[in-house]
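Let me begin by presenting the structure, written as structure tokens, before commenting on it.
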Amino acid sequence: QVQLVESGGGLVQTGGSLRLSCAASGRTFVWFTMGWFRQAPGKEREFVAHINWNGGSTYYADSVKGRFTISRDNAKTTLYLQMNSLQPEDTAVYYCAATRQILHLMSASQWFEYDYRGQGTQVTVSS
């Protein structure tokens, strides 16, 4: 079993930055494919970013490409999401997710492909 705990959310002004963290329990973190998703009020959950087990492959939603960076530190069993140039439309609860599967691009953006999910952290961007 893997437990995921997100942190780093908060209130930031338009154009600001935040770095989210997702701490994972268990020594098998290195084998997990990881992803970030978000859900805004009244909207469906959407894919944000994906990273493979060693960080050598990343994949982003078009809406965050060039502004967000996903990374991981396997020694610390922690996943990160650096968010720059934040906009009000980035306001959402952000979730990290993990799976032992190797996901191809189409699968990597699907919430149901991930076996483990965190509780989420709120990000609010004020205009």
Side-chain angles (χ1 to χ4, degrees):
Q1 190 75 346
V2 174
Q3 290 188 332
L4 305 174
V5 179
E6 302 95 337
S7 63
L11 174 64
V12 64
Q13 292 185 337
T14 297
S17 298
L18 283 175
R19 187 175 82 156
L20 304 183
S21 298
C22 172
S25 65
R27 299 180 179 179
T28 58
F29 176 81
V30 67
W31 302 115
F32 281 80
T33 295
M34 304 294 296
W36 285 101
F37 291 78
R38 67 186 181 185
Q39 187 166 20
K43 295 187 177 181
E44 293 188 354
R45 186 178 290 111
E46 66 174 353
F47 168 75
V48 175
H50 158 270
I51 190 167
N52 75 331
W53 70 278
N54 66 353
S57 175
T58 57
Y59 172 48
Y60 297 92
D62 287 343
S63 58
V64 306
K65 200 173 296 181
R67 300 188 299 122
F68 291 11
T69 302
I70 189 172
S71 63
R72 64 191 295 163
D73 186 332
N74 287 341
K76 296 181 178 180
T77 66
T78 301
L79 175 73
Y80 301 101
L81 185 68
Q82 178 66 43
M83 306 185 295
N84 298 329
S85 302
L86 284 162
Q87 302 298 314
E89 51 266 34
D90 295 315
T91 295
V93 177
Y94 284 71
Y95 301 89
C96 67
T99 178
R100 287 188 174 91
Q101 302 180 77
I102 297 174
L103 299 178
H104 299 292
L105 291 184
M106 290 298 295
S107 297
S109 63
Q110 302 300 313
W111 177 253
F112 64 83
E113 293 284 2
Y114 293 80
D115 305 305
Y116 306 98
R117 295 86 175 253
Q119 295 300 306
T121 185
Q122 176 70 48
V123 171
T124 303
V125 185
S126 63
S127 58

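Starting from 1, each residue takes its place in the sequence as its number. Hydrogens, waters and symmetry mates play no part in the numbers below; they use all other heavy atoms, side chains included.
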[X] vs [Y] side-chain heavy atoms within contact, under 4.5 Å:
{"X": "R38", "Y": "D90", "result": "yes"}
{"X": "S109", "Y": "H50", "result": "no"}
{"X": "L20", "Y": "M83", "result": "yes"}
{"X": "V2", "Y": "F29", "result": "no"}
{"X": "I51", "Y": "W36", "result": "no"}
{"X": "N52", "Y": "I102", "result": "no"}
{"X": "E113", "Y": "T33", "result": "no"}
{"X": "F32", "Y": "Y116", "result": "yes"}

Would you say [X]'s side chain and [Y]'s backbone share a donor-acceptor pair under 3.5 angstrom?
{"X": "T121", "Y": "G9", "result": "yes"}
{"X": "R67", "Y": "S85", "result": "yes"}
{"X": "T14", "Y": "Q87", "result": "no"}
{"X": "T77", "Y": "A24", "result": "yes"}
{"X": "E6", "Y": "G120", "result": "yes"}
{"X": "N74", "Y": "W53", "result": "yes"}
{"X": "Q39", "Y": "F37", "result": "no"}

Pairs in or reaching into residues 76-101: which pass ring pair (Phe, Tyr, Trp, His ring centres under 6.0 Å), with residues at least two apart or in two chains? Y95-W111

Applying the 4.5 Å side-chain criterion to the ILVMFWY set and letting contacts propagate, would L103 and V48 be lumped into a single cluster? no

Taking a hydrophobic cluster as the set of Ile, Leu, Val, Met, Phe, Trp and Tyr residues connected by side-chain heavy atoms closer than 4.5 Å, whether directly or through intermediates, do V93 and V12 fall within one such cluster? no

Counting neighbours of CD on Q110 that are heavy atoms of other residues, nucleotides or ligands and sit closer than 6.0 Å, is the number greater than 12? yes

Please check if atom CD in E44 has more than 12 non-hydrogen atoms from other residues, nucleotides or ligands closer than 6.0 Å. no

Taking all atoms of both residues into account, what is the closest heavy-atom pair of [X] and [Y], and its distance?
{"X": "I70", "Y": "L79", "result": "CG1-CD1, 3.9 Å"}
{"X": "T91", "Y": "V125", "result": "OG1-N, 2.9 Å"}
{"X": "A92", "Y": "A40", "result": "CB-N, 3.7 Å"}
{"X": "G8", "Y": "L18", "result": "O-CD2, 3.9 Å"}

Once rounded to the nearest 0.5 Å, what's the spacing between atom [atom1] of [X] and atom [atom2] of [Y]?
{"X": "R100", "Y": "D115", "atom1": "CZ", "atom2": "CG", "result": "7.5 Å"}
{"X": "S107", "Y": "Q101", "atom1": "OG", "atom2": "CD", "result": "7.5 Å"}
{"X": "L81", "Y": "M34", "atom1": "CG", "atom2": "CE", "result": "11.5 Å"}
{"X": "L4", "Y": "C96", "atom1": "CG", "atom2": "SG", "result": "4.5 Å"}
{"X": "R19", "Y": "S7", "atom1": "CZ", "atom2": "OG", "result": "9.0 Å"}
{"X": "Q122", "Y": "L11", "atom1": "CD", "atom2": "CG", "result": "9.5 Å"}

Would you say T78 and D73 are linked by a side-chain donor-acceptor pair, where the criterion is simply a distance under 3.5 Å? no

What do you reckon, are the aromatic ring centroids of F47 and Y59 less than 6.0 Å apart? yes

